[in-house]
Every structure is written in structure tokens, then in C-alpha cells.
Amino acid sequence: MTSVSLPRLTGRMKVIGMGGAALGAIVTSVAVGFLYPAVGGSLKVSFTSGWVNAPVIVAVLAGFLVVYTRIRRRHASEALRWLSEERAPDERELRATLGLATYHVKLDALGWSLSAIGFAVFNGVVFSWGLGAVVGVTIWFGGETVCALGYLLYERALRPVTALALAARPTGTTSAPGVRLRLAMAWLLGTGVPLLGVVPLGVVGAFGWTKNPTYVDAAVLFLAIVAMCTGFLATVLAAGAIADPLRAVRKGLERITRGDLEVEVAVDDGSEVGQLQAGFNRMADGLRERERIRDLFGRQVGREVAQAALSEGVRLGGEEREIAALFVDVVGSTSLALALPPTEVVRLLNRFFRIVVEVIEVESGLVNKFEGDAALCVFGAPVAVTDPAGDCLRAARNLAARLARELPEIDFGIGVSAGLAVAGNVGAEHRFEYTVIGDPVNEACRLAELAKDRPERVLASSAALDRATQSETEAWSVTEAAVLRGRLGPTQLAHPEFQAH
């Protein structure tokens, strides 16, 4: 589990809470100094109240710092106990973790509400209830703005913890304000509330309900500056809370389009943005699973067969194709099994088949099936090639050379034939395989049997040579004719004059 420093996290939360409270207190105090004279109050009273309220504000902030720090630390330690114990959170801890930002904002809102009531009463008793009303309303509106900005900052600071919690215990429901609510909250509390103070000032100025007309203009200008600053900050934070996860998803999509499926984005948001992140991860998981299935499918039936099935669909039946067939069989596999341990036999057969697959695929052929210690290889199906017979003959020479050079402990026989055959899917609707059926396959199998007793270990039929290009047939010599097992007439045989490299 990725480590997150709890002291550092709680320190950030404390800075956000107390920093916002201190800055909000300063701005609110200055706002009262502008607003009270503008709405008809005494400038002298406003100036005097500033000096009287200043030490009280400092004392209140200090008290909140002590009390709130203890409350925040205790709540955070309980909510994040799973993190310090390096385990997955339970349901209660998950809800508490995802609700940390909301909890801190509620705590801040309580503090601002108490402050609004307390300072309104204090200024009403000491100075005038008109000043108390202005102070109370200003603190209330200022607290709403600070809480809105605070929530966005809390949520941003808690993203690493949110990501760990949702990774350890995914949830299909939203646990944070959505995009619409965030944007509305950013505008309303970051811009709307400060501008709301401009409305009564405009009414006061329009009807002349003030003893200090000059202060109306100053108050409007001050509130406009506050609205611009808080509105800009709230918009940047709200946009970042949405844009950052979307940017991560976009970069993930770019990696997927480049073929990199090992990509995952952190789910660090409890709203529908987090559901989008989780949906992207599920999509990436599905693509990886599909690619694993495609890879296994290709390994089982051959990449060409798999690609044809994926692009064209699967149907039973076949079509007549001009193909070439190569059959390779191990000599003395029974005695080999008696002389060696089973694990050693398997190791040798795997080396044998690895060479077969490599040689056949280089010449654009398909290893259609493994039959015990033998393999049937096809050229010209399912993908048509220009010279299937020539490719098959060349592969036979290369295969014989590599097996003799790299695997001398295994003897073999290779047979090659070519002609018309039926290639397609054979079986039932729920279980079938791609195969090639026809005389070339049977003839290649019989030639492999006969080749086991020949020094070249490779035999081809004249039918294969007749269908190959001249450049390849020049590497073969036609010898005698032989009657293959299961046939009535003789078959003209050919063997390579030299081995390809």
C-alpha cells in the first residue's frame, strides 16, 4: 500500500482550516470597515470597533486553533486508522475517509456561525445594534465563501488518501458533490455571495440612505475586488478538481491507443468523476483480458486462424483452397519415452516444437495441430499466399537443417505435398477446430513415414514440385517412385539436393 504521511496530511488540513479562518477574518474585518459607514453608520464607531474587535478576533482564532486542532486530529486518526495499520478500510472507515472534507467544512461552518452570532451580540452591546447586524451578516457571508473555498482545498489535499481508500474498497456510489454542484457552489459562494453585498449598497446609494456617499463607492469597489479574487480561486480549484482526473484519463487513453494496455488511473474522487476513473480502469481491465484471450486463442489455433475468426466471425464448414502441407514426425518416440524421464521427454519435445513453429512462421505457414510427437503444418490457409508449395518446400529444407544442427538427440521424418484441399472449421457449434482435409495432408503424412528411413529425412511429392516456383524446385532432385501406404498407384518422390540456411 502506498504510504501517506498522516502528520503531513493533518498539517495540511490544519493550514487550510486556520489559514482560511485567519484570512477570512482579516477580509471580513476590513469589509465591516467599508460597509458600516456606507450603510449610514458612524465612521468613528467603525474605526473604534476595529481596534476593540482586533484582540477579540485574535483570541477567538487562538481558541479555535487549540480546540479545532484536537478535534480534527482525533477524527482524522479514527477515520484513517486503516491507513496507519496498513490494511483495507472497513465500511465505517471508508465512509469516514471519504467524508473527511465535508466533516472539516462542517466544523469550519460551525465556527463561522458561532463567530457571526458572538460578534454580532458583542458589537451590538458595546457599540450599536446596527453595527452588530452589519458585523453578523458580513461574518456569515464571509464564512460561506471561506467554507466553499475550504472544501475545494480539503478535497484536493485528501486526494491521495481517497485514491488509496477507493483502491482498497471500491464503491459504486458517489460520496462527494458532483460536477454541477461543485461548479454551482464555486460560483455562488465564491462570486455570488460577495456580489450579493453589492445589491444593498446599490440600493442605499440610489436612494441616498447614507451619511457618507463616498464610502458607498469604496465599499462597492472593495466587494468587487473580493468577488474577483475569491471567484477566480474558486473557479480554478473547481476546474482543477474536474480537469486533473480527466487529464489522467485522457493520457491513459493515449497510452491505450499506442498499444500499452498496462495502464491504470488513480480513483481519487468520490463523485461521478471518480466513477469515470473507475470505469476507465474497468475498460482497461477488459481490454487486457481480451488481449490475453486473443493471445491464448492465437497460441491454441495459430495467429492467422485467430485473426480470421476475430475479423470474419466463425462458421462451420470450409472452402476449397490450393494449399501445401508439411508433416513432421519424431522417430522412435516410444523408445525415447522408455529411456528418459517424462520431464526430459517433455523438455525435448518442447524444444522440437519450438523449432518447428519458428521455421514455419518465418515462411508464412501455419502449425495447424500438434499430434503427440508430430505436427501438421499448412501453407495457403487460412491466409492465401502467392507460392504455398514453394514456401512449404523451403520450410522443409530449413526445418531439417535446424533440427539436425540444434537438436541432434531427436531423429525425424518430414513429408511435403501440395494440391487442392478443404480448409475450414470442423466440429459442433459449441466445440470446433480449424483444420485442413484432403489428399495433400494424407500424402504428406505418408511421405514423412517413408522419410524416416531415408538419409535426407525429407521427402516431397512431384505434385508439390509442380506447383512451386523454379527457384525452389532447383533445390530438389526427383528420384524414384514409390507406392505409399493406403494408395494404389506410385508417387514420384523428390528430396533436397542441399539444405537451406
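Heads up: numbering here begins at 1 and tracks the sequence. For clarity, every value in this text was computed on a predicted model and none was experimentally measured.
Here CZ of Arg485 is found 10.0 Å from CG of Asn442. Values are rounded to the nearest 0.5 Å. Separation of atoms CD (Glu344) and CG (Leu349) is listed at 10.0 Å; rounding is to 0.5 Å. Atoms CG and CG, on Leu276 and Asp269 in that order, are 10.0 Å from each other to the nearest 0.5 Å. Atoms CG and NZ, from Leu246 and Lys251 in turn, are 12.5 Å apart once rounded to the nearest 0.5 Å. The line from CG of Asp108 to CD1 of Ile16 is 10.0 Å long, rounded to the nearest 0.5 Å. In this structure, Leu493 CG and Leu484 CG are separated by 6.5 Å, a value rounded to the nearest 0.5 Å.
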Taking distance alone, no hydrogens or angles, what donor-acceptor pairs closer than 3.5 Å link side-chain atoms of residues 234-241 to residues at least two apart or in another chain?
residue : atom : partner : partner atom : Å
Thr235  : OG1  : Gly231  : O            : 2.7

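Judged by distance alone, with hydrogens and angles left aside, the side-chain atoms of Arg321 form no donor-acceptor pair with the main-chain N or O of Ala423 at under 3.5 Å. Tyr151 places no side-chain N or O within 3.5 Å of a backbone atom of Lys106 that could act as its donor or acceptor partner.
The shortest distance between side-chain heavy atoms of Leu447 and Ser461 falls below 4.5 Å. Side-chain contact between Val478 and Leu465 is present, with heavy atoms from C-beta onward closer than 4.5 Å. Under the 4.5 Å side-chain criterion, counting only non-hydrogen atoms from C-beta, Arg394 is in contact with Asn398. Side-chain contact check for Val458 versus His495: every heavy-atom pair is 4.5 Å or farther apart. Between Arg81 and Leu83 the shortest side-chain heavy-atom distance does not fall below 4.5 Å. No side-chain heavy atom of Arg72 sits under 4.5 Å from any side-chain heavy atom of Leu100. The shortest distance between side-chain heavy atoms of Arg87 and Glu93 falls below 4.5 Å. Within the 4.5 Å cutoff, side-chain heavy atoms of Val357 are placed close to those of Phe370.
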**Request:** Just do the side chain to side chain contact (heavy atoms under 4.5 Å, CB included) check on Glu409 and Arg351 with the steps written out, would you?
**Result:** CA-CA 11 Å; Glu409 55 265 58; Arg351 290 175 57 193; 3.3 Å; yes
**Request:** Determine, step by step, whether Thr386 and Asp391 satisfy the side chain to side chain contact (heavy atoms under 4.5 Å, CB included) criterion, reporting the C-alpha distance in whole Å, the side-chain angles of both residues, the deciding distance to 0.1 Å, and the verdict.
**Result:** CA-CA 9 Å; Thr386 305; Asp391 294 341; over 6 Å; no
**Message:** Under the criterion side chain to side chain contact (heavy atoms under 4.5 Å, CB included), I'd like the reasoning laid out for Cys377 against Phe327: C-alpha separation, chi angles, the key distance, then a yes or no.
**Reply:** CA-CA 6 Å; Cys377 310; Phe327 196 87; over 6 Å; no
**Request:** Check the pair Thr69, Ile71 against side chain to side chain contact (heavy atoms under 4.5 Å, CB included), reporting the backbone distance first and the verdict last.
**Result:** CA-CA 6 Å; Thr69 298; Ile71 296 175; over 6 Å; no
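Between the side chains of Glu86 and Trp82, not a single donor N or O lies within less than 3.5 Å of an accepting N or O. Defined by atom type and a distance below 3.5 Å, a donor-acceptor pair is present between the side-chain atoms of Asp387 and Thr469. With hydrogens and angles left out, the side-chain atoms of Asp268 and Gln277 include a donor and acceptor closer than 3.5 Å. Side-chain contact of Glu443 with Ser417: a donor-acceptor pair under 3.5 Å is present, judged by distance alone.
A search for salt bridge (charged side-chain N to carboxylate O under 4.0 Å, His left out) contacts involving Asp411 returns Arg457, not counting sequence neighbours. Under the rule for a side chain to side chain donor-acceptor pair (under 3.5 Å), the partners of Glu144 that lie at least two apart in sequence or sit in another chain are Trp140.
Heavy-atom contacts from other residues, nucleotides or ligands closer than 6.0 Å to CZ of Arg402 number more than 12. The number of heavy-atom neighbours closer than 6.0 Å to CZ of Arg73, taken from other residues, nucleotides and ligands shown, is 12 or below. More than 12 heavy-atom neighbours from other residues, nucleotides or ligands sit within 6.0 angstrom of CD on Glu480. Crowding of Lys14 atom NZ: a count of heavy atoms from other residues, nucleotides or ligands under 6.0 Å not exceeding 12.
Here the rule is side chain to side chain contact (heavy atoms under 4.5 Å, CB included) with Val356, and of Leu326, Ile414, Leu399 only Leu399 fits it. Screening Val441, Val378, Ile360 for a side chain to side chain contact (heavy atoms under 4.5 Å, CB included) with Asn368, the sole residue that qualifies is Val378.
Taking each heavy atom of Gly17 and Tyr154 in turn, the nearest pair found is CA-OH, 3.0 Å. Closest approach of Pro490 and Val483 over heavy atoms only: CA-CG2, 4.0 Å. Counting all heavy atoms, side chain and backbone alike, Ala165 lies closest to Thr97 at CB-CG2, 4.0 Å. In this structure, Gly24 and Val146 approach most closely via the heavy-atom pair CA-CG2, 3.9 Å. Minimum interatomic distance between Ala395 and Phe379 (heavy atoms only, all atoms of both residues): CB-CZ, 3.7 Å. Heavy atoms only, all atoms of each residue included: Ala404 and Phe412 are closest at N-CE2, 4.2 Å.
A salt bridge is absent between Arg159 and Asp244: the closest approach of a Lys/Arg side-chain nitrogen to an acidic carboxylate oxygen does not fall below 4.0 angstrom. Ion pairing of Asp285 with Arg282 is absent here, as no side-chain N (NZ or NE/NH1/NH2) approaches a carboxylate O to less than 4.0 Å. A salt bridge between Arg397 and Glu472 is present, with a side-chain N of the basic residue lying under 4.0 Å from a carboxylate O of the acidic one.
Ring geometry, His75 versus Tyr103: the interplanar angle falls under 30°, so the pair is classed parallel (tilted spans 30 to 60°).
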